[in-house]
Enquirer: 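Quick one: structure below, then a few questions.
Being a predicted model, the structure only gives us computed values, none of them experimental.
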Amino acid sequence: MHTRASTKVDQMAQPNLNETSSSNFHIAMFPWFAMGHSIPFLHLSNELAARGHRISFLLPKKAQIHLQHLNLHPHLIAFCSVTVPHIEGLPEGTETASDIPISLTPLLAAAMDRTRQQIQGFLVSCGVNDRKVDMIFYDFAHWVPEITRGLGIKCVNYGVACAAITAMAIVPARNVPKDRPVTEEDLRDPPPGYPSSTVVMLPGHEVQSLMFITMPYGDGITFYERLMTAKKGCDAICIRTCREVEGVFCDYLEAQYKKPVLLTGPVLGAMDSNNKNKKKSEQLEDIWANWFSGFETESVVFCGFGSQWVLEKDQFQELVLGFELTGLPFFVALKPPVGCATIEEALPQGFEERVKGRGVVFGGWVQQTLILSHPSVGCFVSHCGFGALWESLVSNNQIVLVPHGADHILNTKILVKDLKVAVEVEREENGWFSKESLSKAITTVMAKDNEVGVMVKKNHAKWRETLSTPGFMDGYIDRFVQKLKELVS
């Protein structure tokens, strides 16, 4: 592979040191180059900055543009540009996972590994200029502990996916074979000591979704090896979760890795948990605000599958036909399917005319959090990424889940099997879901007299109350900061 890269991180922007006391930290953040990782890292940065800590956030320039509006403390959180080297096989200008199909992410991982000199140079220069970094948070850059060891900097491996997927797939007890390719048989059973009989993978497409862990993810390293090395080398493991939902998995990870597992709570990011620094009042775009306002309270079904999942055309068409089949108003926000440049060319024949006035399928970016809080929305159909899991739990909407990746599958099991707050769309053994199965799941939770719908709504209300209890989120962050102080002292 041919690369070209700068060896310096842009240090023009620095946190305002005059705003902080000597008892506060200088923290570097270095997430994987994907919005689904950078955003949770920034939400945590906002919480830490609200408590006086200064943050140097290392990320590509393109990502900075998308994240700028989420920085609630620009006087304490400084974005520092990382130059992503070009690697043969990646399109020119690639900086984040959103720029490429999922099949090319191993090349992006190799590009991230080639930023090592930049990150090391930044950390060293901070020490020389009396701006020493106290700790660095990272996830996929498994080589960070090798850098920090000689610099007196603590390193914290921050997991933004559920604790369950790490407990299932990335633990020493998993004992992935090194001398041969992993098989479905190898992954069929959870690792020894795994603490749940309900949050598990079923044979077939669910177990098969785990097989990616032994695929190459960078030069000469698999995904499993990358994350195992990252966790084994850190001073503490940190996870964006809470004990009330995933306590047994966190305890298992602590026993497996024999090091502290610190929890931040959900860190939702709508505002600082202490409410002292609210995000600028944001309004739903007029075109969508007017559209949603044309429907009765809690009548609209909203669907969003995140920024990376792209459906095959036949499954995409089956999905939208499922929404049509419900007879309910719906708003679907999805990327165009594989092989299609636009949403319009992918829609089934006659679909637009049939659903005109009650259904929208939109291929652009939408303000998902604001849509979920709109009074007309009554159901959220989601892929159950970890961010979507927490958004679902704190919303007033009924929850229908169509998981895609391995972590989505376990997130779904947590909500459906453990918390009993959601319904999963039934699939065939090969993973295909029909328009009938999607429509059935939605009408089950939206029908006011359906026994299952009533049960999940009641359970959901209890969990929403727990997560919304004054001091719940705030307490997690405060305890987390105290643990960081103990780690550094």
Side-chain angles (χ1 to χ4, degrees), residues 5 9 27-45 55-67 70 79-85 87 90 94-116 118-120 122 135-148 155-163 165-166 169-170 212-213 215-219 221-234 237-241 264 267 269 306-309 385-388 404-408:
V9 171
I27 299 171
M29 295 279 179
F30 186 50
W32 165 234
F33 298 156
M35 288 298 107
H37 291 244
S38 296
I39 290 172
F41 268 71
L42 184 53
H43 289 336
L44 179 59
S45 297
I55 313 293
S56 293
F57 205 108
L58 302 155
L59 77 171
K61 282 187 178 178
K62 195 180 292 184
Q64 293 180 29
I65 296 168
H66 294 296
L67 294 178
L70 296 176
F79 288 145
C80 306
S81 295
V82 176
T83 301
V84 182
I87 285 195
L90 280 180
T94 297
E95 290 193 350
T96 71
S98 301
D99 299 330
I100 53 175
I102 290 177
S103 60
L104 293 182
T105 51
L107 293 178
L108 185 60
M112 175 186 236
D113 292 342
R114 284 161 174 72
T115 67
R116 176 171 175 159
Q118 294 180 59
I119 304 308
Q120 183 167 354
F122 175 81
M135 66 188 77
I136 181 169
F137 284 63
Y138 67 103
D139 48 6
F140 284 12
H142 60 290
W143 36 264
V144 163
E146 296 175 11
I147 293 175
T148 58
C155 56
V156 180
N157 184 257
Y158 185 32
V160 299
C162 63
I165 187 62
T166 306
I170 314 292
F212 81 94
I213 66 173
M215 300 295 286
Y217 213 80
D219 284 341
I221 190 169
T222 65
F223 186 85
Y224 176 81
E225 291 164 345
R226 176 179 289 274
L227 266 65
M228 277 286 289
T229 303
K231 293 182 188 305
K232 283 185 173 181
C234 69
I237 294 170
C238 162
I239 308 176
R240 177 199 181 190
T241 193
T264 64
V267 196
S307 61
Q308 280 202 277
W309 186 11
F386 207 41
H404 177 56
D407 55 330
H408 307 156

Enquirer: Given side chains that start at C-beta, do those of Thr94 and Val84 come closer than 4.5 Å, heavy atoms only?
Expert: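 Sidechains of Val84 and Thr94: no contact.
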Enquirer: Measuring from Leu108:CG to Asp113:CG, what's the distance to the nearest 0.5 Å?
Expert: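 Leu108 CG to Asp113 CG: 10.0 Å, rounded to 0.5 Å.
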Enquirer: Does the ring centre of Phe41 sit less than 6.0 Å away from the ring centre of Tyr158?
Expert: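 When the ring centroids of Tyr158 and Phe41 are compared, they turn out to be within the sub-6.0 Å range.
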Enquirer: Does a side-chain heavy-atom distance below 4.5 Å link Phe137 with Ile27?
Expert: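 Side chain of Phe137 against side chain of Ile27, heavy atoms only: contact under 4.5 Å found.
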Enquirer: State, with a plain yes or no, whether a side-chain heavy atom of Gln64 is found less than 4.5 Å away from one of Ser81.
Expert: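 Heavy-atom side-chain distance check passes, below 4.5 Å.
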Enquirer: Side chains of His66 and Thr96: does their closest heavy-atom pair fall under 4.5 Å?
Expert: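 His66 vs Thr96: side chains apart.
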Enquirer: For residues Trp143 and Met112, report the shortest heavy-atom separation together with the two atoms involved.
Expert: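 Closest heavy-atom pair between Trp143 and Met112: CZ2-O, 3.5 Å.
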Enquirer: Quick one: are Phe30 and Thr115 in side-chain contact, heavy atoms under 4.5 Å?
Expert: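 With C-beta onward as the side chain, the pair touches.
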Enquirer: Can you tell me how far the OG1 atom of Thr148 sits from the CD atom of Gln120, to the nearest 0.5 Å?
Expert: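 It comes to 10.0 Å.
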Enquirer: Between Phe57 and Leu42, is there a side-chain heavy-atom distance shorter than 4.5 Å?
Expert: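 Result yes, sub-4.5 Å side-chain heavy-atom pair found.
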Enquirer: Between the main-chain N or O of Thr222 and the side-chain N or O of Glu225, is there a donor-acceptor pair closer than 3.5 Å?
Expert: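 Judged by distance alone, yes, a pair lies under 3.5 Å.
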Enquirer: Any idea which heavy atoms bring Cys238 and Val156 closest together, and the distance?
Expert: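 Looks like CB-CG1, 3.5 Å.
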Enquirer: Does atom NZ (Lys232) have a neighbourhood of more than 12 heavy atoms from anything else shown, all under 6.0 Å?
Expert: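 Counting neighbours around NZ of Lys232, 12 or fewer heavy atoms of other residues, nucleotides or ligands fall under 6.0 Å, so no.
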Enquirer: Any donor-acceptor pair under 3.5 Å linking the side chain of Glu95 with the backbone of Pro60?
Expert: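 Not a single qualifying donor-acceptor pair exists.
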Enquirer: As an exercise, state the distance from OG of Ser45 to CE of Met29, rounded to the nearest 0.5 Å.
Expert: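 If we round to the nearest 0.5 Å, Ser45:OG and Met29:CE are 3.5 Å apart.
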Enquirer: For Ile213 versus Ala169, what's the shortest heavy-atom pair and its separation?
Expert: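 Where Ile213 meets Ala169 most closely, the heavy atoms are CD1-O, 3.9 Å.
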Enquirer: Between CG of Asn157 and OH of Tyr138, what distance do you get to the nearest 0.5 Å?
Expert: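 One finds 4.5 Å between CG of Asn157 and OH of Tyr138.
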Enquirer: Testing Arg226, Lys231, His37 for side chain to side chain donor-acceptor pair (under 3.5 Å) with Asp139, which one passes?
Expert: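 Result for side chain to side chain donor-acceptor pair (under 3.5 Å) with Asp139: His37.
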Enquirer: Can you name the nearest heavy-atom pair linking Leu58 to Ala28, along with the distance?
Expert: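 Where Leu58 meets Ala28 most closely, the heavy atoms are CD1-CB, 4.3 Å.
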Enquirer: To the closest 0.5 Å, what do you measure between CG (Leu90) and CG (Leu107)?
Expert: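 Here the rounded value is 4.5 Å.
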Enquirer: Between CG of Leu70 and OG of Ser38, what distance do you get to the nearest 0.5 Å?
Expert: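 These two atoms lie 10.5 Å from each other.
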Enquirer: Can you tell if the side chain of Phe33 reaches within under 4.5 Å of the side chain of Leu59, non-hydrogen atoms only?
Expert: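 They are not in side-chain contact.
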Enquirer: How about Leu44 and Arg240: do any of their side-chain heavy atoms sit closer than 4.5 Å?
Expert: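 The answer is no, as the side chains (C-beta and beyond) never meet within the 4.5 Å cut-off.
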Enquirer: For Tyr217 and Phe223, work out which heavy atoms get closest and say how close.
Expert: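 Reported closest heavy-atom pair: CB-N, 3.6 Å.
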Enquirer: Nearest heavy-atom pair of Ser56 and Cys80: which atoms, and what distance?
Expert: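 Looking at all heavy atoms of both residues, the closest pair is CB-SG, 4.1 Å.
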